Amino acid sequence: MVCRRCITVLKQSLEKLSLTVEEIYLGKVTVSGLQNLSSFSELEDTLKELNFEIFQSGEQKLLDQVKKIIEDFYSPESPIDKKAKFSTLLSEKLNVNYDTLSALFSRTEGITLETYIIQRRIDKIKEYLVYTDLTLAQIAELTGYSSMFHLSRQFKRVTSSTPTFFKQVKAQKRQLIKEARLLESK
């Protein structure tokens, strides 16, 4: 971005996304208000329309790859054996030592890689509990737990409730919402 017109057009486009442009100069834009975006892809799309793009550092690209592998691993369509040792799988896929990945993740994200993986597993379990009729044993298998007892222990440690209680509460909430909508429509 060298010319004033480019700077003006970019600034106006970013402000339309409710971002505050703090400074723009030769290839760099500093903004605040990213938390106001409904999705980061909104920003990427706006920049692409203007023939600009976001450059990520090598470390950020590596972290994005780690997160994608974790997400893919816990998706039901994943062909990866859920019993595989995750640290080995991650190291092999990215050709980077797991300790290096873990240290980078902790330094950049503010939580350990292990904690992040556990959180993603618990989120996936919650999805299965709320949106499917799978048994706890089936969910344990899909999320790589050795047993439903291990899954239950970790779920309770992280969420402070059992999977069964969580599912019941969510079902009750859905029922109440359904009843409220029926009352509103009358």
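Note that this is a predicted model, so its numbers are computed, not measured. Note: hydrogens, waters and symmetry copies are ignored here, and every other heavy atom, side chains too, is used.
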Exercise. Going through the distances and angles, do Arg121 and Val158 end up as a side chain to side chain contact (heavy atoms under 4.5 Å, CB included)?
Worked result: CA-CA 11 Å; Arg121 285 172 94 181; Val158 172; over 6 Å; no
Exercise. Between Ile70 and Leu113, is any pair of side-chain heavy atoms under 4.5 Å apart?
Worked result: yes
For this session: Treat each ILVMFWY residue as a node, draw an edge where side-chain heavy atoms are under 4.5 Å apart, and state whether Tyr131 and Phe155 are in one component.
Result: yes
For this session: Would you indicate whether the side-chain heavy atoms of Leu47 and Leu10 approach each other to under 4.5 Å?
Result: yes
Exercise. For atom CD of Glu114, is the number of surrounding heavy atoms from other residues, nucleotides or ligands below 6.0 Å larger than 12?
Worked result: no
Exercise. Can Ser13 and Leu50 be said to form a side chain to side chain contact (heavy atoms under 4.5 Å, CB included), step by step?
Worked result: CA-CA 9 Å; Ser13 298; Leu50 300 170; 3.5 Å; yes
Exercise. Hey, what do you get for OH (Tyr145) to CZ (Arg153), rounding to the nearest 0.5 Å?
Worked result: 10.5 Å
Problem set entry | Partner of Asp64 under side-chain hydrogen bond (donor to acceptor under 3.5 Å, both in side chains), chosen from Gln60, Lys61, Lys67 | Gln60
Exercise. Any side-chain heavy atom of Val169 within less than 4.5 Å of one from Ser161?
Worked result: no
Exercise. Got a second to check how far Lys93's NZ is from Asp72's CG, nearest 0.5 Å?
Worked result: 8.0 Å
Exercise. Taking all non-hydrogen atoms of both residues, which atom of Leu129 and which atom of Lys167 are closest, and how far apart?
Worked result: O-CE, 3.1 Å
For this session: Quick one: pull up CG in Leu90 and CG in Asn97 and give me the separation to the nearest 0.5 Å.
Result: 10.5 Å
For this session: Could you grab the distance from atom CZ of Arg4 to atom SG of Cys6, nearest 0.5 Å is fine?
Result: 12.0 Å
Exercise. Going hydrophobic residue to hydrophobic residue with side-chain gaps under 4.5 angstrom, can you get from Phe165 over to Tyr128?
Worked result: no
For this session: Quick one: pull up CG in Leu63 and OG1 in Thr108 and give me the separation to the nearest 0.5 Å.
Result: 5.0 Å
Exercise. Would you say the side-chain atoms of Gln175 and Glu179 include a donor-acceptor pair closer than 3.5 Å?
Worked result: yes
For this session: Could you walk me through whether Val96 and Gln65 pass side chain to side chain contact (heavy atoms under 4.5 Å, CB included), step by step?
Result: CA-CA 12 Å; Val96 177; Gln65 288 175 314; over 6 Å; no
Problem set entry | Nearest-0.5 Å distance that lies between atom CG in Asp123 and atom NZ in Lys126 | 5.5 Å
Exercise. Does NZ belonging to Lys173 count more than 12 external heavy atoms closer than 6.0 Å?
Worked result: no
Exercise. Are the charged groups of Lys68 and Glu71 less than 4.0 angstrom apart, N to O?
Worked result: no
For this session: Go through the steps to decide whether Arg181 and Glu184 satisfy the test salt bridge (charged side-chain N to carboxylate O under 4.0 Å, His left out), and finish with yes or no.
Result: CA-CA 5 Å; Arg181 287 184 183 150; Glu184 287 175 359; over 6 Å; no
Exercise. Does Thr143 reach the side chain of Gln154, with side-chain heavy atoms less than 4.5 Å apart?
Worked result: no
Problem set entry | Over 12 non-hydrogen atoms of neighbours within 6.0 angstrom of NZ in Lys11 | no
Exercise. Under the side chain to side chain contact (heavy atoms under 4.5 Å, CB included) criterion, do Phe166 and Ile125 qualify, and how do the steps go?
Worked result: CA-CA 10 Å; Phe166 177 85; Ile125 291 165; over 6 Å; no
Exercise. Counting N and O atoms only, with roles assigned by atom type, does the side chain of Ser102 sit under 3.5 Å from a partner on the main chain of Tyr98, one being a donor and the other an acceptor?
Worked result: no
